[in-house]
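One is the number of the first residue; the rest follow in order along the sequence.
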Amino acid sequence: MARSATAITLAVWKALFLREAVGRLFSGRATWFWLLAEPIFHVAYLVFIFTGIRVRNIGGIDSTIWIMVGMLAYFMFNRTGTQVKNAISANQALFAYRQVKPVDTVLVRGALEGFLMIIISSILLMCAALFNHPVAPSNPLGVLEAFFGLWLVGLGFGLVTSIFSELIPELGKVIGLIMMPLYMISGVILPISTVPQPYRDWLLFNPVAHGLEAARLGFAGNYHAVPELSIAYIYNFALVSIFLGLALHRRFAQRLTTK
């Protein structure tokens, strides 16, 4: 009995998810460890600096939680976007099978990275709780809303850039350069609220900055978030970028599979 197109797609996604998970976690010695080590190093490094300059409170909340939540929220976007961007080149050999489309590898990588970041975030927050930091969010749904929005932004970013990186390889290098200052201007290290106008408005065109502020506000209701914070902006930006990315994948599907 012939399977429906939906059943075939779901079977492809399941196989790709298992393949990507094994490759992501066990492709090298202690690969799973480095997935945890990277955010731990970033958080520990910043906590050390802020402790050294005797900053205990940022925006009305514990500085360690401020750093950790912001870092994890940024990694939700960054890791998703980066992994999705590289999905096509990493799975080029699979396109010999007509059931596997480039967009399948992109979507599955995005889902896997979101799943891994949820696990990593939970582990790091439990570790912070062992050191008596207040990790219980005052608005759990607000935190989930912010993290999910950042995941969608990362997925949309990856969908669009995966096309540009494959069709124009030089653009892939330019995109990599853009990602470096994004770490600085998204409010990971310094509060966006300390940036004077009109420069703050320019920084808030970046949806990641809104996501970090929303995640911190969800963890601590007394956090002094920027008044311009908009959850709607995050989701509108994400939906537009996802739609554009899917449209580009449909337009250039043939070229991507015949490279």
Peer 1: Show the nearest heavy-atom pair for residues E213 and Y223, with the distance to one decimal.
Peer 2: OE2-OH, 2.7 Å
Peer 1: Report yes or no: does H210 contribute a side-chain atom to a donor-acceptor pair with the main-chain N or O of L204 at less than 3.5 Å?
Peer 2: yes
Peer 1: Residues two or more places apart in sequence or in another chain: which of them pass ring-ring contact (aromatic ring centres under 6.0 Å, His included) with F77?
Peer 2: F157
Peer 1: Quick one, P191 and W66 - any side-chain contact, counting heavy atoms below 4.5 Å?
Peer 2: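 SC-SC contact between P191 and W66 confirmed.
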Peer 1: Grab the two heavy atoms, one from S165 and one from I175, that are nearest each other, plus how far apart they are.
Peer 2: OG-CD1, 4.1 Å
Peer 1: Between CG of L46 and OG of S63, what distance do you get to the nearest 0.5 Å?
Peer 2: 10.5 Å
Peer 1: Which heavy atom in A146 sits nearest to a heavy atom in A215, and how many Å separate them?
Peer 2: CB-N, 3.5 Å
Peer 1: Is there any salt bridge (charged side-chain N to carboxylate O under 4.0 Å, His left out) pair reaching into residues 32-43, and which pairs are they, with sequence neighbours excluded?
Peer 2: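 Non-adjacent pairs meeting salt bridge (charged side-chain N to carboxylate O under 4.0 Å, His left out): E38-R79.
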Peer 1: Quick one: side chain to side chain contact (heavy atoms under 4.5 Å, CB included) partners of V160, sequence neighbours excluded?
Peer 2: F164, L244, L248
Peer 1: Could you tell me the separation between the NE2 atom of H224 and the OG1 atom of T194, rounded to the nearest 0.5 Å?
Peer 2: 13.0 Å
Peer 1: Considering only residues two or more places apart or on different chains, which pairs with a residue in residues 5-15 satisfy side-chain hydrogen bond (donor to acceptor under 3.5 Å, both in side chains)?
Peer 2: W13-D104
Peer 1: Do L141 and L72 land in one hydrophobic cluster if side-chain heavy atoms of ILVMFWY residues count as linked below 4.5 Å?
Peer 2: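 No, no single cluster joins them.
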Peer 1: Only pairs at least two apart or in different chains count here, so list each side-chain hydrogen bond (donor to acceptor under 3.5 Å, both in side chains) that has a residue in residues 181-191.
Peer 2: H42-Y183, S186-N206
Peer 1: Please tell me whether Y97 and I88 are part of a single hydrophobic cluster in this structure, the criterion being side-chain heavy atoms less than 4.5 Å apart.
Peer 2: yes
Peer 1: Locate the shortest heavy-atom distance separating P102 from A253; write the atom from each residue and the value.
Peer 2: CG-O, 4.5 Å
Peer 1: Given the rule that I, L, V, M, F, W and Y join up when any side-chain heavy atoms are under 4.5 Å apart, are L18 and V108 in one cluster?
Peer 2: no
Peer 1: Are the side chains of V69 and I61 in touch, meaning some heavy atoms are under 4.5 Å apart?
Peer 2: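 Heavy-atom side-chain distance check fails, nothing below 4.5 Å.
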Peer 1: Side-chain heavy atoms nearer than 4.5 Å, only ILVMFWY residues, links allowed to pass through others: does that put M184 and V153 together?
Peer 2: yes
Peer 1: Test of understanding: with side chain to side chain contact (heavy atoms under 4.5 Å, CB included), list the residues that count as partners of N132, not counting sequence neighbours.
Peer 2: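 Expected list: none.
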Peer 1: Donor-acceptor pairs are to be reported for all side-chain atoms of residues 117-129 against protein atoms at under 3.5 Å, with residues two or more places apart or in another chain.
Peer 2:
from	atom 1	to	atom 2	distance (Å)
S121	OG	M117	O	2.7
S122	OG	I118	O	2.8

Peer 1: Between E166 and R255, is the closest basic N to carboxylate O distance under 4.0 Å?
Peer 2: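 No salt bridge links R255 with E166.
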Peer 1: Would you say V208 ends up clustered with L239 if hydrophobic residues are merged whenever their side chains have heavy atoms under 4.5 Å apart, either directly or through other cluster members?
Peer 2: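 L239 does not cluster with V208.
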Peer 1: Are side-chain heavy atoms of M71 and V188 found at a separation under 4.5 Å?
Peer 2: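 The answer is yes, as the side chains (C-beta and beyond) meet within the 4.5 Å cut-off.
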Peer 1: Please list all pairs meeting salt bridge (charged side-chain N to carboxylate O under 4.0 Å, His left out) that have one or both residues in residues 187-209, counting only residues at least two apart or in different chains.
Peer 2: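 For residues 187-209: R200-E228.
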Peer 1: Give, for atom CG of L217 and atom CG of L212, the distance between the pair rounded to the nearest 0.5 Å.
Peer 2: 12.5 Å
Peer 1: What is the distance from atom CD of E145 to atom CD1 of I231, rounded to the nearest 0.5 Å?
Peer 2: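 The distance works out to 4.5 Å.
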Peer 1: Taking only residues two or more places apart in sequence, or in another chain, which ones meet E20 in a salt bridge (Lys or Arg N to Asp or Glu O under 4.0 Å)?
Peer 2: R109
Peer 1: What is the distance from atom CD of Q83 to atom CG of L155, rounded to the nearest 0.5 Å?
Peer 2: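 Between Q83 CD and L155 CG, I get 13.0 Å after rounding to 0.5 Å.
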Peer 1: Can you sort out the partners of W151 under side chain to side chain donor-acceptor pair (under 3.5 Å), two or more places apart, ordered by chain and number?
Peer 2: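 Counting only residues at least two positions away or on another chain, W151 forms no side chain to side chain donor-acceptor pair (under 3.5 Å).
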Peer 1: Could you give the distance from CD1 (I192) to CG (L229), rounded to the nearest 0.5 Å?
Peer 2: 11.5 Å
Peer 1: Do you know which two heavy atoms are closest between P207 and L150, and how far apart they sit?
Peer 2: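 Heavy-atom minimum between the residues: O-CD2, 4.4 Å.
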Peer 1: Does any non-hydrogen side-chain atom of L152 lie less than 4.5 Å from one of F237?
Peer 2: no
Peer 1: Show every side-chain hydrogen bond (donor to acceptor under 3.5 Å, both in side chains) that has at least one partner inside residues 229-251, sequence neighbours left out.
Peer 2: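 Matches after skipping sequence neighbours: S162-H249.
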Peer 1: Scan for salt bridge (charged side-chain N to carboxylate O under 4.0 Å, His left out) pairs involving residues 115-141, sequence neighbours excluded, and state none if there are none.
Peer 2: none
Peer 1: Do you know which two heavy atoms are closest between G149 and A238, and how far apart they sit?
Peer 2: O-CB, 4.4 Å
Peer 1: Tell me if the OH atom of Y199 is crowded by more than 12 foreign heavy atoms within 6.0 Å.
Peer 2: no
